[in-house]
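Taking it in order: structure first as structure tokens, then the write-up.
Lettering of chains follows the sequences in order, A, B, ..., and the numbering in each one begins at 1.
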There are 2 protein chains.
Amino acid sequence: MATTIDDVARAAGVSTSTVSYVLSGKRPISAPTRQRVERAIRDLGYRPHAGARALASARTHVLGLMAPLRVDVNVNVIMQFVTGVVTAARSYDHDVLLLTADETAGLERVASGSMVDALVMMDVEADDPRVPVLVGLRQPAVLIGLPRDPEGLSCVDLDFEAAGRLAVRHLARLGHRRVALVGSPRAVLERHTSYAERMMRGFTAEAAEAGLAAVVEPCESSMAGAVGAVDRVLERLPDVTGVVVHNEVALPWVVATFADRGRHVPEDVSVVAVCPPDVAVGQPLPLTGVDIPAHAIGRVAVEMAMARVGHDEPAETRLLAPVLVERASTRPALR
Amino acid sequence: MATTIDDVARAAGVSTSTVSYVLSGKRPISAPTRQRVERAIRDLGYRPHAGARALASARTHVLGLMAPLRVDVNVNVIMQFVTGVVTAARSYDHDVLLLTADETAGLERVASGSMVDALVMMDVEADDPRVPVLVGLRQPAVLIGLPRDPEGLSCVDLDFEAAGRLAVRHLARLGHRRVALVGSPRAVLERHTSYAERMMRGFTAEAAEAGLAAVVEPCESSMAGAVGAVDRVLERLPDVTGVVVHNEVALPWVVATFADRGRHVPEDVSVVAVCPPDVAVGQPLPLTGVDIPAHAIGRVAVEMAMARVGHDEPAETRLLAPVLVERASTRPALR
DNA sequence: TTGAAAGCGCTAACAC
DNA sequence: GTGTTAGCGCTTTCAA
């Protein structure tokens with residue numbers, strides 16, 4: 001180890017710049033020279049020193065990822081975002097530096113310290129305090145989620161409003177007239193995590209336009225939370241026949257509680273789950289659902305970030321169109 | 001931005017080395033000088049360039065973490081390891097570079113490229129192909145888990161063998177004479193992920209020594225898997241009264257299935273869960289359990305890694321002693 | 001098609 | 001207690 005580019009140059013009988021150019025491909029190299037250099041690199045097991053490279057080229061080949069590592073929410077979805085980001089980053093020859101969401105200072109640290117070429121930030125809230133920080137940085141940033149004011153920042157997310165509408169439309173088509181949304185925990189709503197609000201807005205608007213009776217209930221991510229939410233729904237809308245669930249953790253308990261209260265899915269109640277496909281399929285009864293394509297969102301975030309390093313393309317916001325997949329949990333309403 | 005150490009030096013009317021030494025504390029600085037420098041740093045919003053620093057000092061202040069980002073296993077536990085590692089790393093003024101387990105080449109890339117000061121690798125298997133790679137690196141590495149041959153590498157883990165024994169001993173003390181282990185998925189066992197084997201060994205040995213009838217059943221991480229495992233247990237040991245479950249995902253379904261088969265927990269069957277405390281407590285019935293202190297293990301891994309960067313201390317293996325916490329799922333056996 | 005050499009921003013001797 | 005300066009290993013003009 002500790003081989004440097006000069007060692008390689010010497011071994012290959014060329015100058016250091018030639019080695020550099022063989023590596024970067026930024027200028028044409030004759031076949032024989034290239035081969036001698038490549039051979040020397042292999043023989044010596046040479047790897048360029050990342051720090052030296054970053055210093056000289058102002059590119060770190062590292063992507064900063066700020067992820068919420070709390071254990072409370074839907075760990076699964078987070079994991080899928082992360083794998084999406086890491087996989088995509090690798091395909092751009094970048095590694096991923098992991099920052100936790102509780103550390104706003106981390107953004108400045110890694111950005112001002114030139115540790116990263118770009119940043120991706122998950123789990124953005126409407127008035128996220130980290131957003132103004134991001135705006136001031138030299139590196140491009142991509143948000144997963146939608147802040148109230150994305151001034152100059154790129155954003156990606158599922159179009160949750162359309163997702164809410166899509167779910168309701170599906171139920172309406174099946175003839176359901178009384179629908180409920182069992183949603184995110186109250187704390188999430190109060191944090192104004194925008195996806196929860198957008199979901200709710202879409203659900204409510206579409207139900208209104210379709211002339212459906214509709215109720216919305218927040219739901220804690222636990223068995224107890226699910227039981228409570230279901231009971232509140234049944235109290236407010238006793239003859240509910242269509243339910244949209246937007247809470248991965250509560251999902252199985254919601255279905256179980258309805259059954260426990262004598263409303264079986266899908267005979268008595270149709271359920272549309274808004275969650276990653278594997279969660280919907282992994283349930284005892286495969287659930288009709290609007291997919292949250294976490295992996296894809298992560299990948300798109302990276303693509304958008306990479307498109308902006310070096311080039312100064314303008315920021316853009318991309319909302320992915322939701323897709324509903326029919327499985328076993330929805331049926332035409334009984335008349 | 002783009003302020004350099006020279007800008008700071010100029011602004012403070014000192015030499016660059018003085019600024020450097022103020023920053024590193026590696027030599028005494030008079031109070032007035034220090035203040036002028038600190039003021040200049042603040043005024044200019046100066047941050048040292050990470051690459052330059054790494055180049056000059058051979059320290060990156062980055063820790064490599066290789067985590068298994070598959071969604072199949074106990075995502076929760078993984079998350080806890082990761083937060084433990086990240087938090088601890090920050091307390092040593094290090095950031096974390098995330099590598100996925102499927103990319104053995106990543107180890108060489110970040111190590112030989114001098115991107116990290118040390119490496120932590122989760123989810124080690126008995127004959128892990130990544131272990132020999134790790135041995136050849138310049139940087140110290142710490143494994144979470146126990147390979148068959150840890151030649152020169154540091155390892156941390158829960159002492160799963162002791163955990164198995166502890167769980168059995170607890171059941172035996174309560175008078176249970178027929179016990180079962182509902183364990184890891186067959187695939188995990190076949191991968192020889194050492195923790196599963198160690199757990200099994202401890203369980204089996206202690207049961208034998210205590211003269212208990214004991215069966216072991218692997219269990220897939222799903223509802224169906226849990227049902228299957230429970231039924232196989234009941235077939236092989238119909239009057240089982242004590243069950244150790246070592247599978248976070250299957251846990252709730254195992255308990256539910258026993259109830260479904262007319263064996264209620266804890267009236268008819270006592271259950272000891274081997275899992276992180278929050279999982280045990282989050283169940284409908286709080287489960288007696290042997291904690292998997294994931295967060296703590298992550299922290300210890302970082303401490304061991306940091307202890308070895310720079311200094312060339314010898315590798316060590318640390319097995320954390322298991323702790324059993326009695327909750328509501330175990331009772332004296334009926335006679 | 002290739003080489004020489006000037007930095008990139010910082011650390012750590014080595015002076016004083 | 002502070003300053004000078006030679007690198008650290010690489011990229012990238014500028015020349016040939």
Side-chain angles (χ1 to χ4, degrees), chain A residues 1-38 40-41 44-62 93 110-115 117 138 309-310, chain B residues 1-38 40-41 44-62 93 109-115 117 138 310:
Chain A
M1 301 298 119
T3 8
T4 73
I5 198 171
D6 290 301
D7 298 330
V8 175
R10 209 168 305 121
V14 300
S15 70
T16 62
S17 60
T18 297
V19 177
S20 177
Y21 284 118
V22 165
L23 248 20
S24 69
K26 288 190 182 176
R27 84 178 180 192
I29 303 283
S30 73
T33 309
R34 145 163 294 117
Q35 275 159 19
R36 290 216 315 288
V37 171
E38 282 169 348
I41 289 178
L44 298 174
Y46 166 72
R47 302 262 190 186
H49 185 289
R53 179 175 274 202
L55 181 57
S57 70
R59 292 248 120 29
T60 63
H61 287 260
V62 173
D93 195 25
V110 303
S112 311
S114 296
M115 301 183 75
D117 290 338
R138 186 160 70 263
V309 350
Chain B
M1 298 303 116
T3 12
T4 73
I5 199 172
D6 290 302
D7 298 331
V8 175
R10 210 168 305 122
V14 300
S15 70
T16 62
S17 61
T18 297
V19 177
S20 178
Y21 285 118
V22 165
L23 249 20
S24 69
K26 289 191 181 175
R27 83 179 180 191
I29 304 282
S30 73
T33 309
R34 145 164 294 118
Q35 276 160 18
R36 290 216 314 289
V37 171
E38 283 169 348
I41 289 177
L44 297 173
Y46 166 72
R47 301 264 190 186
H49 186 289
R53 177 175 274 199
L55 182 55
S57 69
R59 292 249 116 39
T60 64
H61 288 261
V62 173
D93 195 24
R109 176 163 35 83
V110 303
S112 311
S114 297
M115 302 182 74
D117 290 337
R138 188 161 67 265

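- Taking atom NE2 of H49(B) as the reference point, atom P of dC8(D) lies 19 Å away to the nearest angstrom.
- When rounded to the nearest whole Å, the span between CD1 of I5(B) and C1' of dA6(D) equals 15 Å.
- Here the P atom of nucleotide dG9(C) and the CZ atom of R59(A) are 14 Å apart, to the nearest Å.
- Separating the NZ atom of K26(A) from the C1' atom of dC14(D) is a distance of 17 Å, rounded to the nearest angstrom.
- The interatomic distance linking L55(A) (CG) with dA6(C) (C1') rounds to 13 Å, in whole Å.
- One N or O on the side chain of H61(B) and one on the backbone of D93(B) form a donor-acceptor pair closer than 3.5 Å.
- Donor-acceptor pairing under 3.5 Å, judged by distance alone, is absent between the side chain of R10(A) and the base of dG3(C).
- Atom OH in Y46(B) sits about 10 Å away from atom P in dG9(C), given to the nearest Å.
- Note on T18(A): only backbone sugar-phosphate atoms sit closer than 4.0 angstrom, heavy atoms only; bases stay farther off.
- The nearest pair of heavy atoms linking Y46(B) to T4(B) is CE1-C, 3.5 Å.
- For dT11(D), the base has no donor-acceptor partner in the side chain of R53(A) [N/O atoms by modelled type, under 3.5 angstrom].
- If you check distances only, the side chain of R27(B) does reach the base of dT2(D) with a donor-acceptor pair under 3.5 Å.
- Using a 4.0 Å heavy-atom criterion, one finds that S20(A) contacts the bases of the nucleic acid, with or without backbone contacts as well.
- Nearest-nucleotide mapping onto DNA chain C: of S57(B) and S17(A), the residue sitting toward the 5' end is S17(A).
- One interatomic measurement links the two molecules: CG of D6(A) to C1' of dC8(D), which rounds to 11 Å at whole-angstrom precision.
- No contact: S114(A) has no heavy atom under 4.0 Å from any strand.
- Comparing the axis of the opening five pairs of the helix from dT1(C)-dA16(D) to dC16(C)-dG1(D) with that of the closing five pairs yields an angle of 30°, rounded to 10°.
- Y21(B) places its OH atom 12 Å from the C1' atom of dT5(D), with the value rounded to the nearest Å.
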